[in-house]
Amino acid sequence: KPVMHLFPHWNWEEGDTIDVWTYTSCDEVELLLNNESLGVRRKPEGALHMQWRVPWVPGKLVARGMGNGMALESEVETTGPPAAIRLEADRRIIAADPMDLSFVTVRIVDRQGREVPDAGNHVIFSLEGEGEIVGVDNGLQTSMEPFRASERDAFNGRCLAIIRSGGVPGIIRLRAAADGLESAI
């Protein structure tokens, strides 16, 4: 399967020099920062990635892969500050069964709807209806926050709420709020 993955995110500070990596199935990759080429790298035999050291400036970083019968592109872009919360449930309907769960991903986004990859906002959850919040997480292995809670700090712009049905049919509404951000339901 064709692969082109560019990372890390592109939210840094003036004076930072960033190790930029591309994992790709292409033979070579050109890296562009704000439409200016930073050079083309050819993937060594047996390697899975290529690397550049790039002085950070705000804007858009694009990796264009070529060769091996492919033309692929991946990009990362500097975002604005956190402005809103977006919720994405793994499914909108769960059974009226206390064993059924819905996993709701919380994304912290800027005014343009782009996920802010370094956001760490404190998100507070509340629930209406026949259900309960049975867990929260953010993927940070060193976090000391409890899993059984109704709030969580975002990590890398995301966190998660796990909702369980109360066993009675009806509507369940999850609300996520954080200081200074537009909330979401």
Side-chain angles (χ1 to χ4, degrees), residues 5-22 31-36 53-63 73-94 100-166 170-185:
H5 182 68
L6 172 65
F7 70 97
H9 61 77
W10 206 239
N11 283 14
W12 301 97
E13 295 180 12
E14 290 293 335
D16 288 346
T17 298
I18 311 304
D19 288 327
V20 174
W21 292 46
T22 60
L31 191 67
L32 298 105
L33 178 56
N34 297 327
N35 294 318
E36 290 187 32
R53 288 190 57 78
V54 180
W56 182 82
V57 294
K60 186 184 290 189
L61 192 64
V62 178
E73 193 168 288
S74 181
E75 64 183 50
V76 291
E77 186 174 14
T78 306
T79 66
I85 297 172
R86 296 291 178 258
L87 300 177
E88 181 181 313
D90 66 332
R91 54 205 176 112
R92 296 185 52 85
I93 298 174
I94 60 175
D100 205 3
L101 303 173
S102 177
F103 294 80
V104 182
T105 301
V106 176
R107 299 177 196 279
I108 309 298
V109 298
D110 68 5
R111 289 262 174 243
Q112 295 178 341
R114 300 173 298 187
E115 191 170 318
V116 180
D118 54 349
N121 302 75
H122 186 73
V123 180
I124 298 172
F125 301 101
S126 58
L127 195 84
E128 295 175 11
E130 292 296 328
E132 66 177 320
I133 300 168
V134 294
V136 294
D137 199 4
N138 64 9
L140 179 59
Q141 294 178 347
T142 58
S143 174
M144 299 304 288
E145 294 176 283
F147 293 111
R148 301 254 334 161
S150 60
E151 55 191 74
R152 190 63 157 203
D153 289 341
F155 173 63
N156 289 343
R158 294 184 184 187
C159 59
L160 177 77
I162 304 168
I163 309 306
R164 176 170 54 196
S165 168
I171 303 293
I172 300 172
R173 285 188 181 85
L174 175 69
R175 178 181 174 88
D179 286 344
L181 301 184
E182 176 186 314
S183 62
I185 298 175

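Electrostatic pairing of Glu115 and Arg86 does not count as a salt bridge here, judged by no charged N lying under 4.0 Å from a carboxylate O.
A heavy-atom distance below 4.5 Å is not found between the side chains of Ser126 and Arg173. Side-chain atoms of Asp118 and Asn156, non-hydrogen and from C-beta on, never get closer than 4.5 Å to each other. Between Ile18 and Trp10 there is a side-chain heavy-atom pair separated by less than 4.5 Å.
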Exercise. Are Val57 and Glu36 close enough, and set up right, to give a side chain to side chain contact (heavy atoms under 4.5 Å, CB included), and what steps lead you there?
Worked result: CA-CA 12 Å; Val57 294; Glu36 290 187 32; over 6 Å; no
For this session: For Ile133 and Ile163, run side chain to side chain contact (heavy atoms under 4.5 Å, CB included): C-alpha distance rounded to whole Å, both residues' side-chain angles, the deciding distance at 0.1 Å, then the answer.
Result: CA-CA 5 Å; Ile133 300 168; Ile163 309 306; 3.8 Å; yes
For this session: Report the C-alpha distance between Val106 and Phe125 in whole Å, list the side-chain angles of each, state the deciding distance to 0.1 Å, and finish with yes or no for side chain to side chain contact (heavy atoms under 4.5 Å, CB included).
Result: CA-CA 10 Å; Val106 176; Phe125 301 101; 3.6 Å; yes
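The CD1 atom of Ile94 sits 7.0 Å away from atom CG of Leu101, with the distance rounded to the nearest 0.5 Å. Cys159 SG to His122 NE2: the interatomic distance, rounded to the nearest 0.5 Å, is 9.5 Å.
No hydrogens or angles considered: a donor-acceptor pair under 3.5 Å links the side chains of Ser183 and Arg175.
In the displayed structure, Asp19 atom CG is contacted under 6.0 Å by more than 12 heavy atoms of other residues, nucleotides or ligands. Asp16 CG: more than 12 foreign heavy atoms inside a 6.0 Å radius.
Between the side chain of Asn11 and the backbone N or O of Thr79 there is at least one donor-acceptor pair closer than 3.5 Å. Of the possible polar contacts, one joining the Asp90 side chain to the Phe103 backbone as a donor-acceptor pair under 3.5 Å is found. At distances below 3.5 Å, at least one donor-acceptor pair connects side-chain atoms of Asn34 with backbone N or O atoms of Lys60. Of the possible polar contacts, none joining the Arg111 side chain to the Pro81 backbone as a donor-acceptor pair under 3.5 Å is found. Between the side chain of Arg152 and the backbone N or O of Pro146 there is at least one donor-acceptor pair closer than 3.5 Å.
Of all heavy-atom pairs spanning His9 and Pro117, the tightest one is CB-CG, 3.3 Å. Closest approach of Leu6 and Leu61 over heavy atoms only: CD2-O, 3.5 Å.
With Val123 as reference, Ile108 is the one residue of Ile108, Asp153, Val136 to meet the side-chain contact (heavy atoms from CB on, under 4.5 Å) rule.
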